[in-house]
There are 2 protein chains.
Amino acid sequence: MIRILLADDEHLIRGAMAALLSLEDDLEVVAQAATGAEALATARVVRPDVAVIDLQMPDLDGVSVAQALSTHLPTCSTMIVTSHGRPGHLKRALAAGVRGFLPKTVSSDVLATVVRTVHAGGRYVDPALAAEAISAGDSPLTPREADVLELALEGAPIDEIARRASLSPGTVRNYLSSAVGKTGASNRHEAARFARARGWI
Amino acid sequence: MIRILLADDEHLIRGAMAALLSLEDDLEVVAQAATGAEALATARVVRPDVAVIDLQMPDLDGVSVAQALSTHLPTCSTMIVTSHGRPGHLKRALAAGVRGFLPKTVSSDVLATVVRTVHAGGRYVDPALAAEAISAGDSPLTPREADVLELALEGAPIDEIARRASLSPGTVRNYLSSAVGKTGASNRHEAARFARARGWI
DNA sequence: AGAAACCCATGACAGATGTCATGCCGGCTA
DNA sequence: TAGCCGGCATGACATCTGTCATGGGTTTCT
């Protein structure tokens, strides 16, 4: 019997996934959590075999949870389920020791199968997401460029970005200009959206 | 027995919701769809009592589906389930004749209850979403301002917006300037994000 | 040690953008 | 019918941004 921890902020979906997984004879949902912190706390107590975690949750990122789990509870395999699969997330997730990565568009059969796969020590990444990640390629942005571009995401003017990044406005403009060049965008806002779509920021 | 049509592009969630709803004695999921168009086509054949539709789907917006359903199949009550509840969506949905509006964070009990409520001719809107919609208030933007601001969302330069809106660049700048003033933003990108968050565009 | 990145900054210039005044037209309403 | 609002446009001006050249500092790799 594989003991599963389920974390998703959407109650409806969490409950539903639990119902589906419980239909399988060899799977058992032993705990549920609605936030990343809750998932972490629960996992330490319950010590599940597999953690199925939603990527986007109110507090902690699913990847952060996975990272914490992999250090604090190495016997537990983590897999991520997500609605919006961004290439960058996949990369970060794999780096964080995640063993399975699926979009929520998969069927419940696949979900159950992947739970078994990761529990057996295997890995599984949704083919479509994998293809996207490969085509997206590595981020050409330097760390600072990514920082600044991230601050630019909300549309703030350069002076505010400079203040928030503790940089001079001129430097910010240089980074942004470089990022705009690398992304092929025509201004920083487009560049920011582009980088976001690629999962670079 | 209440006959339900379920539309959601996320296979996992759709299947799971179907499983949950089927647990109720008086509810029966008679059809499922993964896209808006599919939902519409299926509904005409199956003629369900209640349609439970996801707000965001690849092709047709959930609200558009609701609108189409309310004219082509007036005997079918429509309710919308969504992950990201924007105030503007709620308003549009109600205008389109939607009878129920819930976030996916609700429990399955609530979902089942609401299905029964709308089938009985009642209405139900999640209290939190309703409060948000009220606090967001009406859009102060004129229709054209909203149009132009929407085109500005992706960060395109003004010339491109002008082309896409078939307006002169000067006019576009005027509308944007006006919108920036109304939203209290410091540039169009911020204004666009603000308006988006309020559901105004 | 030297080359090659990256980080940070400044200054200058051109082009994009935000703001304002002004005007014309059409529809709605008092 | 006169006024008001919104749609559409132009021109002028100040400011913001994007680009480029330049330079000094640090870290990393060869």
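FYI, side chains are in, hydrogens and waters are out, and symmetry mates aren't considered; it's all heavy atoms of this structure. Since the structure is predicted, the reported quantities are computational estimates derived from the model, not experimental observations.
- Atom CG of A:Leu141 is separated from atom P of C:dC7 by 11 Å (rounded to the nearest Å).
- Straight-line distance from the CZ atom of A:Arg163 to the C1' atom of C:dC8: 19 Å, rounded to whole Å.
- Applying the side chain to side chain donor-acceptor pair (under 3.5 Å) rule to A:Thr171 yields the partners A:Ser168; only residues at least two apart in sequence or on another chain are considered.
- Shown here are the side-chain contact (heavy atoms from CB on, under 4.5 Å) partners of A:Leu153, two or more places apart in sequence or in another chain: A:Ala192, A:Arg196, A:Ile201.
- Legend: residues meeting side chain to side chain donor-acceptor pair (under 3.5 Å) with B:Glu38, ordered by chain and number and at least two apart, are absent.
- One atom, CD1 of A:Ile161, and another, P of D:dC16, lie 14 Å apart when rounded to the nearest Å.
- At the phosphate of D:dG6, neither OP1 nor OP2 sits under 4.0 Å from any side-chain N or O atom of B:Arg144.
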Every protein N/O within reach of nucleotides 23-30 of chain D N/O, cut-off under 3.5 Å:
none

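- Under the rule for a side-chain contact (heavy atoms from CB on, under 4.5 Å), the partners of A:Asp126 that lie at least two apart in sequence or sit in another chain are A:Pro103, A:Val106, A:Ala128, A:Leu129.
- Each end of the helix from C:dA1-D:dT30 to C:dA30-D:dT1 gets its own axis, taken as the rotation carrying the C1' atoms of four end pairs onto the next four within a five-pair window, and the two axes meet at 30° to the nearest 10 degrees.
- Spacing between atom OH of A:Tyr175 and atom P of D:dT17 amounts to 19 Å, rounded to whole angstrom units.
- Taking the ring-ring contact (aromatic ring centres under 6.0 Å, His included) definition, one finds that A:Phe194 meets it with A:Trp200, sequence neighbours left out.
- The shortest heavy-atom contact between A:Glu190 and B:Pro157 is OE2-CD, 3.7 Å.
- Using a cutoff of 4.0 Å between basic side-chain nitrogens and carboxylate oxygens, A:Glu150 and A:Arg164 are not scored as salt-bridged.
- Residues in residues 87-119 of chain A take part in no ring pair (Phe, Tyr, Trp, His ring centres under 6.0 Å) pair, two or more places apart or across chains.
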Using a 3.5 Å cut-off and no angle test, enumerate the donor-acceptor pairs between side-chain atoms of residues 71-79 of chain A and protein atoms at least two apart in sequence or in another chain.
{"unit_1": "A:Thr71", "atom_1": "OG1", "unit_2": "A:Ala68", "atom_2": "O", "d": "2.9"}
{"unit_1": "A:Ser77", "atom_1": "OG", "unit_2": "A:Val118", "atom_2": "O", "d": "3.3"}

Note to self: What does the B/S/- profile of nucleotides 10-27 of chain C look like, 5' to 3', with a 4.0 Å heavy-atom cutoff to protein?
What the structure shows: B------BBBBB------
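- Sorted by first then second residue, the side chain to side chain donor-acceptor pair (under 3.5 Å) pairs that include residues 8-19 of chain A, not counting sequence neighbours, are A:Asp8-A:Lys104, A:Glu10-B:Ser83, A:Arg14-A:Gln32.
- For residues 147-178 of chain A, there are no ring pair (Phe, Tyr, Trp, His ring centres under 6.0 Å) pairs, not counting sequence neighbours.
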